[in-house]
Amino acid sequence: MIAIEIILVIGALFLVLSVVASKFAARTGIPALLLFLGIGMLAGSDGPGGIHFDYPWLAQAIGVVALVFILFDGGLDTRWDDIRPVLRPGLLLSTVGVGVTALTVGIFADLVLGFTFLEGALLGAIISSTDAAAVLGLLRSKGVQLRGRLKPLLELESGSNDPMAVFLTIGLIQLIVQPDKSPLELIPLFVLQMGLGTLFGLLMGRVMAEALNRLRLEYEGLYPVVTIALVTLTYGVTAALGGNGFLAVYLAALLLGNRVFIHKRSLMRFHVGLAWLLQITMFVTLGLQVYPSRLVPLALEGLLVAAFLIVIARPLSVLVALWPVRMTLREKAFVAWVGLRGAAPIILATFPLLAGIPLADTLFHLVFFIVLASVLLQGTLIVPAAKLLRVYADRPRLSKSPLAFVMDDASIRNDLCEVRVAAGSEVVGQQILDLHLPGGALVVLIGRGKDLVVPNGSTVLEAGDTVLLLAEAPVQEQMRRR
């Protein structure tokens with residue numbers, strides 16, 4: 001029996017190493033999740049750490065909980081105005097795109113790897129969804145600026161395609177375990193999962209907003225406890241009734257995030273931190289579950305499937321799903337490239353392990369290899385691919401202010417942001433009074449080197465200044481361009 005002190009020390013070391021790794025990843029361009037997985041693998045049975053961890057049920061449980069809160073954080077931070085124009089293509093990618101990927105990979109695995117079609121389709125279903133943690137993390141951490149509506153489209157797809165992948169994975173496992181079962185019997189399962197997921201998601205989104213605004217708790221620190229309870233309740237009740245809990249959580253977060261509720265800013269920051277904590281825990285745990293020695297014999301098969309997925313299956317699924325959507329071929333090509341696989345496929349790969357399917361261990365390690373290849377290749381080349389396809393918007397990142405600013409009044413639409421004054425900008429040398437800011441816009445603070453300047457109308461802007469601006473989104477964009 002390991003002492004609790006030792007467990008705490010090991011857990012703390014994992015967290016510290018992961019935080020340091022994230023800093024290294026930000027500077028080198030290597031996806032952080034790849035380093036998190038590497039830490040887990042090095043600490044596992046085949047690594048120098050020598051920690052024996054072979055508990056698929058525990059890895060799955062940790063992964064499901066982490067994915068729930070990662071999806072909640074993603075939905076909470078998604079603005080309805082951003083995704084409304086891309087709702088149709090996003091849903092097509094999340095449903096038709098996932099189905100086409102599973103089908104094409106199934107045919108490839110049947111013809112090339114010697115799998116049965118159902119086993120190949122199961123592999124395709126497991127790796128069919130792009131991963132929210134991978135896509136959202138890379139796009140946001142790198143500050144990738146894209147033209148048009150590409151960024152909200154990719155974020156919507158990655159946050160909403162897990163339910164379809166979960167449905168296909170569960171359904172195909174049932175067909176493999178029960179050979180007499182007809183594929184047509186999956187239709188009621190689909191209707192039940194998506195119907196209940198949508199219903200409970202929309203319902204709980206309203207319940208969350210009303211609960212937060214009406215509870216009037218004495219201690220502000222209890223509000224994060226309330227959101228955690230409501231998120232887990234949303235997933236648990238939906239899944240227990242046969243619905244898709246991931247869909248319910250994402251929709252609830254999307255609905256909540258676009259409403260006004262008390263302590264909104266602090267709660268959103270809390271869930272960002274919680275998502276990072278769980279993301280680190282999930283990737284390290286999944287890394288521990290993998291035996292690197294079992295990856296080597298599957299290297300050739302893994303590379304073949306990864307290459308097929310990146311070069312053929314993903315582009316084909318994007319072209320089919322977006323066929324009725326007016327987008328340029330370059331935009332569709334970039335959407336096809338940003339089809340990163342991450343934690344979601346690895347978590348889904350634990351389902352066959354628990355179901356006792358003969359090829360389950362092979363599938364798990366094969367999926368792990370494919371995820372590594374996808375993240376390493378596609379993740380590190382997002383910016384070069386965007387520039388090559390001319391969809392990269394070469395503009396400075398409009399960062400959020402690090403200061404807490406609570407806005408609980410629905411009539412207030414302004415937000416804080418940081419705008420950096422570039423050398424050669426037309427505003428260099430101008431007084432703030434000369435900027436002629438629209439009504440309601442205000443320069444709150446100026447960062448100048450190591451100093452902070454409290455501005456007034458006669459304050460002159462200098463090159464390199466970081467201006468903390470309180471304004472509506474259109475004014476922020478206007479000031480960024482100036």
query = Can you check whether G257's main-chain N or O pairs, donor with acceptor, with K264's side chain at less than 3.5 Å?
reply = yes
request  = Examine distances only and state if a side-chain atom of Q378 and a backbone atom of W337 form a donor-acceptor pair shorter than 3.5 Å.
outcome  = yes
ask   = Sub-3.5 Å donor-acceptor pair from the side chain of R341 to the main-chain atoms of S128, do we have one?
value = yes
ask   = Is E185 reaching over with its side chain to a backbone N or O of S182, donor-acceptor style, under 3.5 angstrom?
value = yes
message = For the CG atom of L37 and the CE atom of M282, what is their distance to the nearest 0.5 Å?
response = 8.5 Å
Residues E157, R88: salt bridge by 4.0 Å N-O rule = no
key: L389 backbone acceptor or donor facing R330 side chain under 3.5 Å   = yes
query = Hey, do the aromatic rings of Y235 and F246 have their centres closer than 6.0 Å?
reply = yes
query = Would you find a donor on one side and an acceptor on the other, under 3.5 Å apart, between the side chain of R314 and the backbone of A336?
reply = yes
message = Assess, by modelled atom type and distance only, whether the side chains of D110 and T116 contain a donor and an acceptor separated by less than 3.5 Å.
response = no
message = What's the separation between atom OG in S18 and atom CZ in F24, rounded to the nearest 0.5 Å?
response = 14.0 Å
query = Using the ring of each side chain (for Trp, its six-membered ring), is F108 parallel, tilted or perpendicular to F308, with breaks at 30° and 60°?
reply = parallel
key: Steps toward side chain to side chain contact (heavy atoms under 4.5 Å, CB included) verdict (I228, F270)   = CA-CA 10 Å; I228 290 175; F270 168 79; 3.7 Å; yes
inquiry  = Tell me whether the rings of F69 and H271 are parallel (<30°), tilted (30 to 60°) or perpendicular (>60°).
reply    = parallel
ask   = Hey, is the main chain of I370 close enough, under 3.5 Å, to the side chain of S374 for a donor-acceptor pair?
value = no
request  = Measure from the side-chain N and O atoms of K181 to the backbone N and O of Q174, and report whether any donor-acceptor pair falls under 3.5 Å.
outcome  = no
query = Under the 3.5 angstrom rule, does the side chain of N258 hit a backbone N or O of T78 as a donor-acceptor pair?
reply = yes
key: Validation row: M327, L153 side chains within 4.5 angstrom (heavy atoms)   = yes
inquiry  = Set out, in order, the CA-CA distance, both residues' side-chain angles and the distance that settles side chain to side chain donor-acceptor pair (under 3.5 Å) for N244 and T238, then state yes or no.
reply    = CA-CA 6 Å; N244 196 296; T238 307; over 6 Å; no
remark   = Across all chains, not counting sequence neighbours, the side chain to side chain donor-acceptor pair (under 3.5 Å) partners of T328 are E331
message = Tell me if a side-chain donor or acceptor on Q289 pairs with a main-chain N or O of Y55 at a distance below 3.5 Å.
response = yes
